[in-house]
Each structure stands twice: as structure tokens, then as C-alpha cells.
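Worksheet: the structure to be examined is printed underneath.
Whatever order the structure lists ligands and atoms in, that order sets their numbers, starting from 1. Values below: all heavy atoms of this structure, side chains included; hydrogens, waters and symmetry mates excluded.
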Amino acid sequence: MPEAVTHPAATQPGLLASLDPLLREWLPRQRWFAGKGRPVTGFSLVAATELLPPGGTLSLLHLLVRAHQPDVPTQGAVPHPGDCYQLLIGVREALPPRLAPALIGHPEDGPLAGRTVYEALYDARATSVLLEAIRSRARIGRLRFEGDAHQTIGEGLTPRVVTAEQSNSSVVYGDTFILKLLRRLVPGTNPDLELPLTLARENSPWVPAPAGWLLADLDGLDDSYVLGVLQPYLRGATDGWELALRELAKGEDFTGEARALGRATAEVHLALARALPTVTLGHARIRLLADGMIERLDAAAQAVPALRPYAPGLRSAFEALADLAAEGHVWTAQRIHGDLHLGQCLRSPSGSWSLIDFEGEPSKPLAERRMPQPTVRDIAGMLRSFDYAAHSAGPPAADWADSCRAAYCSGYADVAEHDPRTEPVLLRAYETDKAVYEVVYEARHRPDWLPVPMAAIHRLSAGVTP
Ligand SMILES: Nc1ncnc2c1ncn2[C@@H]1O[C@H](COP(=O)(O)OP(=O)(O)O)[C@@H](O)[C@H]1O
Ligand SMILES: O=P(O)(O)O[C@H]1O[C@H](CO)[C@@H](O[C@H]2O[C@H](CO)[C@@H](O)[C@H](O)[C@H]2O)[C@H](O)[C@H]1O
């Protein structure tokens with residue numbers, strides 16, 4: 001590992017200015033950029049670390065930058081400081097043709113003037129540096145690379161970037177490990193590392209156990225930023241979304257897999273409930289939960305006008321939940337996955353299912369994502385996903401979705417000894433909350449998909465489960 005130098009903003013005044021015009025153009029085009037639709041007016045440097053120093057054919061910069069977007073909603077009187085993003089920037093004289101798609105641009109002035117700057121995740125020489133740093137438990141400037149003592153990471157595993165659409169970015173090493181680099185960073189315990197580590201300690205076979213991770217320790221912050229997690233790569237696995245669409249296209253039954261997914265979800269919930277605190281939710285807390293759902297609905301209706309006519313019907317799902325709590329109903333809350341859908345479930349060639357991506361809904365504050373919640377939230381996510389699949393592959397396949405949803409709940413009940421369908425008010429509230437989230441997500445990221453959650457909104461607002 002070459003000796004690394006950390007450049008705090010003060011010692012590299014020209015670095016960010018040199019990149020600024022290029023990043024303003026490049027960053028908003030990235031799928032993982034969370035501030036879409038609002039102009040980026042500038043950047044400030046949170047941390048810069050040279051992972052490969054200048055001098056060779058390639059130099060490698062690890063940057064944490066804050067993107068300024070003045071029209072981000074303020075939190076009370078405090079202006080939003082702008083989101084912090086993790087960037088891995090390669091710098092070369094010229095790009096070899098294989099790296100052409102990774103080009104960010106050519107800075108015109110400053111320390112990088114005349115060089116070629118690019119997204120280094122596409123460059124195997126660059127991403128090898130990250131794995132090597134985890135292997136050697138390196139500390140490079142403010143970056144801390146750590147690993148699980150019980151897992152061996154081989155030398156020289158060939159990296160390749162994952163090109164699938166993602167909220168973050170991943171690199172696979174020799175079909176043995178996969179490193180997920182988180183893009184929008186928030187300080188504090190990140191559930192994407194916390195929950196898989198917890199489940200590994202519980203010997204849960206349902207989640208790939210973290211083999212390594214990287215953190216940034218920044219001045220003035222008690223908490224580190226989790227920057228990435230390395231997990232065993234499930235070779236030959238297919239995600240539940242792909243599998244469901246494939247079976248739908250062939251007109252094949254998916255209820256066996258849906259049942260197995262229900263069982264896997266319940267196993268993970270039981271392990272999390274054993275390992276981490278659970279709480280009882282009475283009237284006051286359910287009222288708060290319902291109010292949160294109503295607030296999200298109001299914000300969503302502001303952002304997506306198509307939701308407005310449905311708002312009263314949707315709101316009634318949340319009020320019905322609060323009413324039930326007012327009558328004395330209580331529920332248990334515990335740590336859950338937080339953003340469960342078919343794409344987060346991987347089926348190995350052997351037929352076993354694993355759950356991945358415990359980050360929770362990336363747009364929610366970390367503290368909220370780490371709060372104990374009713375398990376029905378994950379269940380609702382999966383039920384929505386069967387509905388999504390049924391609406392995404394040609395004419396809506398309502399029967400297919402219904403049978404998968406029923407099989408999933410039965411599978412869940414086999415293990416948890418509790419069938420989610422016995423609590424229809426709770427289920428409807430959570431499905432509604434999820435569908436509202438999806439409307440905002442699709443409007444922001446994939447407007448062509450908006451009709452899928454809107455179809456569910458239509459039914460849920462009329463009190464019919466999709
Ligand atoms: N352990 C793994 N084995 C095989 N593929 C994986 C593994 N973890 C993630 N993937 C693949 O990488 C993709 C992105 O991972 P995910 O954790 O969902 O990232 P994001 O938060 O960016 O969406 C997944 O859809 C899956 O196809
Ligand atoms: O990037 P993540 O996987 O963390 O999750 C976000 O993106 C998902 C889409 O990629 C989105 O999921 C929605 O679309 C899926 C089909 O592509 C569908 O299976 C899900 O049920 C639906 O919610 C997810 O909501 C979002 O957080």
C-alpha cells in the first residue's frame with residue numbers, strides 16, 4: 001500500500017475549484033444522486049484522501065464532498081448544509097478506451113489542469129486498492145479499513161464494477177466478494193453494516209456476513225461515516241425481482257418462491273428480535289406513527305400533484321390505524337429490514353434465499369431508519385413488490401399477485417406463528433405508506449414507472465388492498 005496523504009480542504013485550496021464545473025455537470029446525472037431536480041450551485045470539501053499519489057500513470061483521490069443546493073427544504077431555522085457524497089476519482093493523462101464511459105472531464109485550471117478526471121470505480125487498478133486496504137486493515141488519513149477476523153480475503157481478486165441501476169455503487173471482486181460503496185453519506189451507525197453484523201453474530205444464514213468495511217473519522221464528529229461494506233458474493237444468484245418477472249413472462253407459478261420468501265423474512269425478523277431491543281407501541285406511539293404517515297402523504301401530494309385527489313382516501317387508512325390504537329390495541333416494534341422488496345432478495349442456485357441491503361429507505365434520516373418498527377412494514381414492502389411485478393410485465397396479472405401475496409403471508413406465518421393478514425388495518429396503513437413513498441420515488445427517479453404505484457394508490461384509497 002503506497003503511503004497516503006490526506007489533504008484537508010485548507011491544504012488543497014485549488015483541488016475542489018478545479019473539479020467544481022465538471023462535478024456540477026456530472027453529479028446530477030448519476031442515478032445515486034439524491035438531490036435530483038434542484039440545481040447544484042457549488043461544493044465544499046469534507047475530506048480528501050490520496051489513495052494513490054500523483055506521479056504514476058494513475059492517481060486516485062477519495063473525496064467526500066458536500067453538494068450545495070440552496071433550495072433544499074430547511075429543517076426549522078437551520079439551513080440544510082447540503083448532502084455529502086462519496087466519490088472515487090481517478091486522474092490520468094489520458095483515458096484508455098475501456099475507461100471512456102467513466103470520463104468526468106478535463107479540469108481547465110488548478111492542480112488537476114490538463115489531466116483527465118474519471119469515475120475510478122470502472123478502473124480495476126483503482127478498485128484493487130480498496131480491497132487491498134481492507135485486507136491489510138489500513139488506516140489512510142481519515143479512512144479506516146476493517147474486517148472480520150474469521151473471513152479470509154484472498155489476494156489479487158479481479159474487480160469489476162456492477163453496472164446495474166443502484167442507489168449506491170458496488171464492485172465485485174473475483175466473484176468472491178462484493179463491496180458496496182455508499183454514495184450519500186450520513187454520520188452515525190449505518191444499518192447497512194449494523195444489521196448484517198448483528199445477524200452474523202446470530203449465525204443467521206439468511207444474510208451474507210460482512211467480511212470488511214470502511215469508515216471515515218472526521219473532525220468534530222463523534223460518529224464515523226460508514227463508507228462501504230464488503231460481503232461474500234453470492235455467485236450465480238438471481239434477485240427475486242428478475243425471477244418473478246421471468247416466471248410471470250412464462251406464465252409460471254411463483255407461489256413456492258413467495259412462500260419461501262415469507263419464511264426467510266420471518267427468520268430474519270425473529271433473529272433481529274432476539275438480538276436487538278423490542279418495544280411495545282401503545283396509543284401515543286401509534287398516533288405518532290400515523291401522524292408521520294399523514295405528514296409524508298401531505299409532502300408527497302405537494303411534490304406529486306397526481307396524488308392529490310386520492311389524499312382523503314389514503315389518509316383514512318392512517319386514521320383507521322390510530323383509531324384502533326385509541327381502542328387499546330398494542331403492537332410490538334423491533335428492528336427490521338426497512339426497505340424490503342423483491343430486488344433485495346437473492347436466490348442462490350441451490351434455491352436458498354438471502355436478504356441484502358439493510359440501508360433502509362435512503363431518503364429517511366438515519367435515526368428514523370434505526371428505530372424499532374412493526375414487522376408489517378417489511379411485509380408490506382414485499383406485498384407491494386408482488387403487485388409491482390404484476391404491473392410491470394405487460395397487462396396487470398392481478399391473480400398472480402394475489403396468489404403470491406397469500407403464499408408470502410402463509411410462509412411468514414409458518415415461521416413467525418403470526419399471519420400478517422390477521423391485522424388488515426395495520427397492513428393497509430403500511431401498504432399505503434409504502435405506495436405513497438413509491439410514488440415520490442418513481443416521480444423523482446423513474447417517471448415512466450409512476451403508473452405502477454399510482455394503480456395501487458387508486459385501489460388503496462378506496463379501501464381495497466392491491
Ligand atoms: N452478496 C451479494 N451477492 C451477489 N450479488 C449481490 C450481493 N449483494 C448485492 N448484490 C447485487 O448488487 C445489487 C445492489 O446491491 P444493494 O445492496 O441492493 O445496493 P443499493 O443500495 O445500491 O441498491 C443487488 O441488486 C444485487 O444484484
Ligand atoms: O435502491 P433500493 O433497492 O434501495 O430501493 C429503491 O429503489 C427500488 C427500485 O430499484 C424501489 O423499489 C420499487 O421498485 C421495485 C422494482 O424495481 C419494486 O420491486 C419495489 O416493490 C418498489 O418499491 C424502492 O422503493 C427504492 O427505495
Side-chain angles (χ1 to χ4, degrees), residues 30-34 86 121 160-184 190-193 195-196 200 206-211 226 228-245 248 261 337-349 352-364 369 377-393 401 404-405 408 430-431 433-446 448-456 466:
Q30 305 312 303
R31 155 87 205 253
W32 41 263
F33 178 65
Q86 172 171 216
L121 283 183
R160 67 177 158 85
V161 69
V162 172
T163 50
E165 296 267 289
Q166 276 185 258
S167 300
N168 297 285
S169 297
S170 300
V171 178
V172 173
Y173 291 93
D175 276 1
T176 309
F177 291 101
I178 181 165
L179 173 66
K180 167 155 141 183
L181 289 175
L182 301 176
R183 288 302 199 160
R184 191 173 69 93
N190 193 309
D192 220 358
L193 176 60
L195 295 185
W206 309 94
V207 174
V226 174
V229 183
L230 183 78
Q231 288 182 317
Y233 182 68
L234 303 167
R235 204 170 313 151
T238 316
D239 75 54
W241 175 253
E242 241 181 274
L243 212 57
L245 291 191
L248 255 167
L261 279 165
H337 179 283
D339 189 17
L340 197 57
H341 56 80
L342 280 164
Q344 317 281 38
C345 309
L346 298 182
R347 186 180 173 278
S348 291
S352 64
W353 284 97
S354 301
L355 306 192
I356 57 163
D357 194 4
F358 284 74
E359 192 186 10
E361 284 175 11
S363 59
K364 295 225 165 96
R369 291 193 244 150
R377 187 144 169 230
D378 282 347
I379 295 164
M382 285 300 288
L383 298 183
R384 289 285 316 114
S385 215
F386 293 119
D387 183 60
Y388 247 76
H391 279 77
S392 306
C404 287
R405 289 161 58 93
Y408 178 80
Y430 273 91
E431 272 202 82
D433 189 44
K434 183 72 189 180
V436 168
Y437 165 84
E438 288 167 344
V439 165
V440 178
Y441 180 87
E442 301 302 0
R444 227 179 249 162
H445 297 273
R446 307 184 296 190
D448 291 354
W449 287 63
L450 196 52
V452 177
M454 281 307 293

Counting only nitrogen or oxygen atoms and a 3.5 angstrom limit, does Y441 reach ligand 2? yes
Protein heavy-atom partner closest to atom 4 (O) of ligand 2 - residue, atom, separation in Å: D357 OD2, 3.2 Å
From D175, L234, L230 - option closest to atom 3 (N) of ligand 1 by heavy atom: L234
Residue part near ligand 2, for Q344, under 4.0 Å between non-hydrogen atoms: side chain
For ligand 1, is any non-hydrogen atom under 4.0 Å from P232's backbone (N, CA, C, O), its side chain (CB onward), both, or neither? backbone
Polar atom proximity, K180 to ligand 1 (N or O, under 3.5 Å): yes
For F33, all residues meeting ring-ring contact (aromatic ring centres under 6.0 Å, His included), sequence neighbours excluded: Y85
Find all atoms of ligand 1 within a distance of less than 4.0 Å from any non-hydrogen atom belonging to P208, and give their numbers and elements. 1 (N)
With sequence neighbours left out, write down each residue that passes side chain to side chain donor-acceptor pair (under 3.5 Å) with E242, or none if nothing qualifies. none
Check: V162 N/O within less than 3.5 Å of ligand 1 N/O: no
Going by the atom numbers of ligand 2, which of them fall below 4.0 Å from some non-hydrogen atom of S167? 1 (O), 2 (P), 4 (O)
Atom indices of ligand 1, in the order listed, that fall short of 4.0 Å to a heavy atom of Y233: 3 (N), 4 (C), 5 (N)
Could you list the atoms of ligand 2 found under 4.0 angstrom from a heavy atom of E438? 21 (O), 22 (C), 23 (O)
For ligand 1, which atoms sit closer than 4.0 Å to a heavy atom of Q344? 18 (O)
